[in-house]
Number of protein chains: 2
Amino acid sequence: MSQVEIRHLRTLVALRESGSLVEASERMFLTQSALSHQIKELEGRLGCSLFLRKTRPVRFTSAGIRLLELADEVLPRLHTAELDLQRFAGGETGRIIMAIECHSCFEWLLPAIDAYRDEWSDVELDISSGFHFAPLPALARGDLDLVITADPVDEAGIAYFPIFSYEAQLAIAKNHCLVEKSWIDPEDLAKEVVITYPVDQNRLDLFTGFLQPAGVEPAKVRHAELTTMIVQLVASGRGVTCLPNWALHEYLQNDYVEVRSLGEEGIWPTLYAAVRKDQAEAPFMAAFIEVAKKVCFANLRGIVTAELG
Amino acid sequence: MSQVEIRHLRTLVALRESGSLVEASERMFLTQSALSHQIKELEGRLGCSLFLRKTRPVRFTSAGIRLLELADEVLPRLHTAELDLQRFAGGETGRIIMAIECHSCFEWLLPAIDAYRDEWSDVELDISSGFHFAPLPALARGDLDLVITADPVDEAGIAYFPIFSYEAQLAIAKNHCLVEKSWIDPEDLAKEVVITYPVDQNRLDLFTGFLQPAGVEPAKVRHAELTTMIVQLVASGRGVTCLPNWALHEYLQNDYVEVRSLGEEGIWPTLYAAVRKDQAEAPFMAAFIEVAKKVCFANLRGIVTAELG
DNA sequence: TTGAGACATGAATTAAATTCACCCTTGACA
DNA sequence: TGTCAAGGGTGAATTTAATTCATGTCTCAA
């Protein structure tokens with residue numbers, strides 16, 4: 001079946017370069033006898049001789065020349081592949097396919113990716129849209145390599161790294177009656193229309209961290225895709241919404257809406273990067289997490305109230 | 001040193017195509033255990049894992065994908081090389097580097113080569129100009145693959161195949177005194193200028209087969225490169241020459257010169273193809289000898305007096 | 001909870017590559 | 001002509017590696 005092997009190609013190349021079995025064997029750190037046997041065996045399997053030994057330097061037959069040709073094609077490729085693999089092994093490169101749970105995270109993730117790519121140009125980067133429903137199993141499985149999530153679930157083989165914290169605030173119209181309050185109670189929203197991204201409520205801080213614990217349901221939930229749309233609806237009094245403070249910052253500065261904390265303390269989710277533990281230490285992955293933190297801190301300076309790590 | 005081997009590449013490809021170790025092992029005619037060990041060992045040497053086994057089908061890591069890329073580059077090349085080698089082994093192709101002792105043989109050798117090339121297009125053909133001095137050792141050594149020679153020397157490992165016989169005739173000017181004779185005796189040439197190709201006398205039929213046995217030396221020997229030149233010199237009475245009857249045929253028809261046999265019987269050299277015994281049976285080589293014979297017979301029909309089996 | 005399927009693992013086995021010790025051949029040189 | 005060194009070949013012994021066998025573990029699904 002498999003006749004020729006890498007080792008044979010290396011032997012032939014060494015033979016071409018040295019001109020004799022003895023010298024070739026020294027280059028290959030083998031005895032001359034080993035090469036003699038090796039080549040004899042190969043020639044036997046192939047059914048033709050590869051070179052004539054009675055001359056110095058040895059003279060290759062057509063078959064030998066054909067094999068050298070093959071070696072010249074194959075060995076360099078093998079070599080570069082092995083160099084690449086060394087870099088994979090050293091964690092100097094790899095693949096980061098991400099998923100985000102937090103819908104407005106693109107705002108800081110895309111700049112982070114850009115910054116990272118400058119330094120780690122050959123890491124394969126992608127944001128997956130396919131695993132919104134269950135990103136962590138996909139991460140464990142290897143479909144994903146990094147998940148941005150607000151609630152770390154303790155799972156074997158997954159490590160979490162905090163990126164930053166932000167306040168999830170309620171945005172309301174400037175003429176809304178709730179502007180009177182200095183912070184919002186869950187019950188305040190029982191009669192309100194809540195506008196959210198079109199995602200499951202279990203992935204929204206407002207519900208998981210505020211309304212559900214208090215057993216309150218809003219009068220109605222409306223959906224909009226884009227942050228701008230949501231804020232516009234809020235500004236025109238069609239409902240209220242809950243967004244990260246940094247996502248609202250721009251609209252607040254332009255005086256479109258009012259914002260209030262949820263509860264006296266406010267709700268302060270932390271975003272984590274979840275990665276597989278075996279990759280957590282790899283330089284290319286650690287670097288990504290570092291860059292993400294730095295970019296967040298730089299982009300959101302003065303907006304987010306807390307920086308981590 | 002040498003990490004990755006062909007067998008690993010094959011395994012990975014089988015794994016990609018089948019999706020599981022079990023099925024891949026069947027394709028490779030190995031046990032599942034063997035593949036498990038094999039891959040574990042490779043992963044250990046490389047220092048990184050190549051695929052995730054907990055999914056069906058298996059999912060390759062970046063490193064695994066890189067190796068599959070290598071496999072896709074290498075395995076097809078390996079395969080075509082092995083096919084080529086099979087043809088070498090089967091004698092379906094090879095290399096024929098020839099040397100000719102007989103200076104005027106180009107006349108029929110070149111057409112023979114052309115005819116041969118039609119059928120055996122990928123046999124490497126060349127006429128070497130480097131081994132005139134000692135073609136047979138070069139043949140034995142492997143520098144040459146075929147030698148056209150008029151005197152077979154019994155040497156181990158060399159086989160001779162007769163191509164054809166011709167008469168070596170003396171050409172003389174139409175007004176030369178020797179036209180009186182119906183054939184030439186060696187002594188007739190003792191006073192003559194002999195014109196030959198610029199090669200050693202031991203490679204000329206006239207000397208080895210006629211003059212030397214009789215202990216006769218011509219008055220003078222002149223040289224000319226081209227057959228035409230030689231014949232012109234002869235026609236203008238500057239000397240005599242000895243050429244194969246088929247080389248003289250054209251000039252004879254145009255009535256430029258007269259020809260006479262050397263001795264009553266004439267000298268009838270036979271041209272042989274000498275090849276190494278190990279190649280003598282190879283179809284590509286046997287075919288060349290066949291073609292050479294046929295072409296000679298066709299081209300020299302009615303000129304040479306003898307065709308050989 | 002059990003059973004089936006897929007992969008992992010340690011020990012035994014088998015197969016292969018390599019070495020060792022020796023031989024032969026060749027060419028240089030005394 | 002004999003000897004020596006260098007290159008290569010070969011059978012048997014040895015070492016190394018690949019493969020199998022017999023189990024074990026894990027996961028998924030009934």
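What you see below is based on every heavy atom in this structure, not just the backbone, and it leaves out hydrogens, waters and symmetry mates. Note on naming: letters A, B, ... go to the chains in the order of the sequence lines (proteins, then strands), and numbering restarts at 1 for each one.
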Could you work out, with salt bridge (Lys or Arg N to Asp or Glu O under 4.0 Å) as the rule, every residue matching A:Asp278, not counting sequence neighbours? none
N or O in side chain of B:Ser36 less than 4.0 angstrom from C:dA8 OP1/OP2: yes
Write down the atom of B:Phe88, the atom of A:Cys48, and the distance for their closest heavy-atom approach. CB-SG, 4.4 Å
Would you say B:Arg53 reaches C:dA6's phosphate, i.e. side-chain N/O to OP1/OP2 under 4.0 Å? no
Charged N to carboxylate O under 4.0 angstrom, B:Glu43 versus B:Arg53? yes
Counting neighbours of CD on B:Glu17 that are heavy atoms of other residues, nucleotides or ligands and sit closer than 6.0 Å, is the number greater than 12? yes
Residue pair B:Met28 / B:Arg7: nearest heavy atoms and the distance that separates them: CE-O, 4.2 Å
For a quick check, with a 4.0 angstrom heavy-atom cut-off, what is the B/S/- contact string for nucleotides 11-20 of chain D, read 5' to 3'? BB-----SBB
Between B:Ser62 and A:Glu124, is the side chain to side chain donor-acceptor pair (under 3.5 Å) condition met? List the steps. CA-CA 9 Å; B:Ser62 317; A:Glu124 185 192 343; 5.0 Å; no
Can you list, by residue number, the residues of residues 15-27 of chain A that have a non-hydrogen atom closer than 4.0 angstrom to DNA chain D? A:Ser20, A:Leu21, A:Val22
For A:Glu217, I'd like to know if atom CD has over 12 heavy atoms of other residues, nucleotides or ligands within 6.0 Å. no
Round to a whole Å and report the spacing from CG of A:Leu42 to P of C:dA17. 10 Å
Looking at B:Arg66 and B:Glu69, does any basic side-chain N land under 4.0 Å from a carboxylate oxygen? yes
Measure the distance from CG on B:Leu52 to P on C:dA8 and round it to the nearest whole Å. 11 Å
